[in-house]
Amino acid sequence: MEEKTIQIAGSITVDELANALGLSVTELIGTLFKNGIVATINQRLDFETASIIIDELGLKNVKLEKKNTSTKTSNFHRELSDKAVLRPPVVAVMGHVDHGKTTLLDTLLHKKTVEGEAGGITQHISAYQLKHSDRIITFLDTPGHEAFAAIRQHGAMLTDIVVIVVAADDGVKPQTIEAINFAKSANAKIIVAINKIDREGADINRTMADLAQQGLQPEEWGGDIVMVPISAKQNQNLDKLLDMILLTADIEELKADIDIPAEGLVIESHMETGKGSVVNLLVTGGELKTSEFIVAGSTYGKIRTMLDWQGKPKGKATPSTPVTITGFKDLPNFGDRFTEAKDEKTARKMALLNAQAAADESASANVTSTDLLRMMNVVDNTKTFNVIVKGDVLGSVTSVVDSLKLIDTKGEITLNIVSTGVGDINENDVYMAAGENTVIYGFNVSVPINISKMAARDNVPIRTYKVIYELLDDAKHEMENLLDAEIVEEDKGELKVLGVFRTEKTNIIAGGEVLTGDVKPEYLARIIHDKKYLGEAEVTSVQKEKIDTKELVAGETGGLALKTTSKIDLQVGDRLKFFTRETKKRTL
């Protein structure tokens, strides 16, 4: 029989696979169902899953091949032409929470944002520009809390120079190390701002030594890392820090092409009433102008308005410039590359190609081989925690979802993200959550009064937070409540039965000698006859010399009353093995 080759570009739908195999869709869905997967005709299967299913069907003449159709580029940085011009440096400010990143930017830009941030922690990437020595510098303020690692990593990938802020009175912390690793992975130049030198307990040399241990050797010690002691609060040495940034930029000779279609990256996106999609972009090449068509991921649009970082209208944006635009038909994803298209037809076609490429990369909703093997070989006793996540901007939603997935559930709780979205919690969210034991989490969003009433009527819990780790604590608590309680038993002692005085349906009066440990009222007992387990009983009272007592200990004889759930024929010589049983709530 002739061998049939099927090419799969990342993933394939059930319908497409059935047609390729010459089977009815019903037959293929039936095979999936037998293996524990309830699939629809449009369900996507990854390459490995398709292979497993073909083996299950016993099709020996079918060969699968992987086909690469991805339109994405793994390296965003393009080769520059000889016409490339100098551009401003893009500088990301990173470091441990509370080490003063946002205070530094506020002082540089004469802004005041710390009080406005929930918990004093930056929640989104914010882009700014300032002029120093008649030159422009673009700054990215990246979140500091560990839950925003996804945003911070994108921040590093956008940048030429990373300024790592380290508090002189606190030293190197886990997020400092994380920022160093991100900067290195992005091949960005590193400058260290040793902050809070005005604080009591500040130790610049110790901080430099800590950084040296992380592979950042200060210039003063023969290394290549510029370290500038500053006080962001007191505006001390900030001019020197800016000088070092510009000097580093000069050494790197940062350039970009202007005479190319505009391109760059999506920093942030959200929906606004009356405006539609509002998207923050960082231009990396070309010149972006209003009325141009641009494509980002699977969406496109015509730029209606463009504002600079201060909210002022801007006609065009050159490389290293952050802008806020409206006009996208849908929200592009955080971190998507955007490119200019010559007209709407081209833009639509490019968006469709990107959507197909994304689908071929096996989206998270697809059935994977891991899912299939687990369903085929293991009885799944895990419980499911359903959540809907709504956030003010797409980057927040991404980070909340990524952080929820990082909660260690000991393999006993499955996190099911029912839906995600940008904007206030609405009727559709409540409809989806109703009857499914689903919690709706809102991050920096509102809940209209009518939606609150609707949720209360349908018993749908809605929790809103402005600080991400409070949201994660709540989710962790909810998942802990789903864990089966732990039953802890502790052996207490053993008694040999010397006499049986009364045996009723569920009550026994007996006497005996305590061989080990002790016996007290409310202990439980396993009744053993010739090594055979007869049943379990509860000790309701204990007597010593016919007087009620709190306990009998090893070597003592006495009487006891037992309560059983069914009649047990207790005999002289039987053993009672005493224990306690406690139910403990488990934690993650």
Side-chain angles (χ1 to χ4, degrees), residues 36 374-375 377-386 408-414 435-439 459 461 476-588:
R374 177 174 56 77
M375 292 171 179
N377 301 323
V378 181
V379 177
D380 188 6
N381 292 320
T382 59
K383 294 180 173 64
T384 301
F385 178 50
N386 299 312
D408 182 8
T409 63
K410 305 183 189 298
E412 296 182 49
I413 307 293
T414 298
E436 296 294 332
N437 295 320
T438 300
V439 176
N459 293 316
K476 189 175 178 181
H477 177 72
E478 286 288 334
M479 286 192 265
E480 285 176 342
N481 289 338
L482 294 175
L483 291 172
D484 291 327
E486 183 179 9
I487 297 173
V488 180
E489 294 184 353
E490 184 179 353
D491 292 335
K492 291 296 183 180
E494 185 174 350
L495 176 142
K496 180 179 181 181
V497 177
L498 301 178
V500 180
F501 308 118
R502 186 191 304 167
T503 301
E504 297 175 352
K505 187 174 182 181
T506 57
N507 291 288
I508 299 172
I509 306 295
E513 179 186 359
V514 181
L515 303 177
T516 60
D518 64 354
V519 53
K520 296 179 182 178
E522 297 184 1
Y523 276 5
L524 300 174
R526 292 186 180 91
I527 301 172
I528 309 297
H529 176 76
D530 288 339
K531 297 183 180 180
K532 181 182 177 183
Y533 172 73
L534 298 182
E536 193 174 288
E538 179 186 354
V539 179
T540 56
S541 65
V542 177
Q543 289 189 341
K544 183 178 180 181
E545 296 176 353
K546 297 184 180 181
I547 298 173
D548 285 346
T549 184
K550 290 184 178 180
E551 70 173 341
L552 290 172
V553 297
E556 293 182 333
T557 58
L560 64 162
L562 302 170
K563 185 175 182 179
T564 62
T565 54
S566 59
K567 187 172 182 179
I568 294 177
D569 184 19
L570 186 69
Q571 298 179 32
V572 172
D574 288 350
R575 301 294 177 97
L576 301 181
K577 294 190 175 182
F578 303 108
F579 66 98
T580 56
R581 179 183 292 138
E582 184 181 1
T583 301
K584 285 188 176 180
K585 184 178 177 180
R586 294 166 60 209
T587 59
L588 293 174

Would you name the heavy atoms of [X] and [Y] that are closest together and state the gap between them?
X	Y	result
Asp518	Phe578	O-CD1, 4.0 Å
Leu482	Thr384	CD1-O, 3.8 Å
Val542	Glu551	CG1-C, 4.4 Å
Thr564	Ala537	CG2-CB, 3.6 Å
Val553	Val514	O-CB, 3.4 Å
Thr557	Leu498	CG2-CD1, 4.4 Å

Distance check, rounded to the nearest 0.5 Å: [X] atom [atom1] versus [Y] atom [atom2]?
X	Y	atom1	atom2	result
Leu570	Phe501	CG	CZ	10.5 Å
His529	Gln571	NE2	CD	4.5 Å
Lys577	Ile528	NZ	CD1	5.5 Å
Ile509	Ser541	CD1	OG	6.0 Å

If you count every heavy atom of other residues, nucleotides or ligands that lies below 6.0 Å from [X] atom [atom1], does the total exceed 12?
X	atom1	answer
Glu504	CD	yes
Asn437	CG	no
Lys505	NZ	no

Side-chain contact, heavy-atom cut-off 4.5 Å: [X] with [Y]?
X	Y	result
Leu562	Asn507	no
Ile487	Glu582	no
Leu560	Leu495	yes
Glu536	Phe579	yes
Leu552	Lys544	yes
Asn481	Phe385	no
Leu576	Val497	yes
Leu524	Thr580	no

[Y]/[X] salt bridge by N-O under 4.0 Å criterion:
X	Y	answer
Glu522	Lys520	no
Glu412	Arg586	yes
Glu494	Arg575	yes
Asp574	Lys496	no

Set out, in order, the CA-CA distance, both residues' side-chain angles and the distance that settles salt bridge (Lys or Arg N to Asp or Glu O under 4.0 Å) for Lys476 and Glu478, then state yes or no. CA-CA 5 Å; Lys476 189 175 178 181; Glu478 286 288 334; over 6 Å; no

Step by step, work out the salt bridge (Lys or Arg N to Asp or Glu O under 4.0 Å) result for Arg526 and Glu489. CA-CA 12 Å; Arg526 292 186 180 91; Glu489 294 184 353; 2.6 Å; yes

Using a 3.5 Å distance criterion without hydrogens, assess whether the side chain of Thr503 forms a donor-acceptor pair with backbone atoms of Ile508.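 Not confirmed, Thr503 side chain does not pair with Ile508 backbone.
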
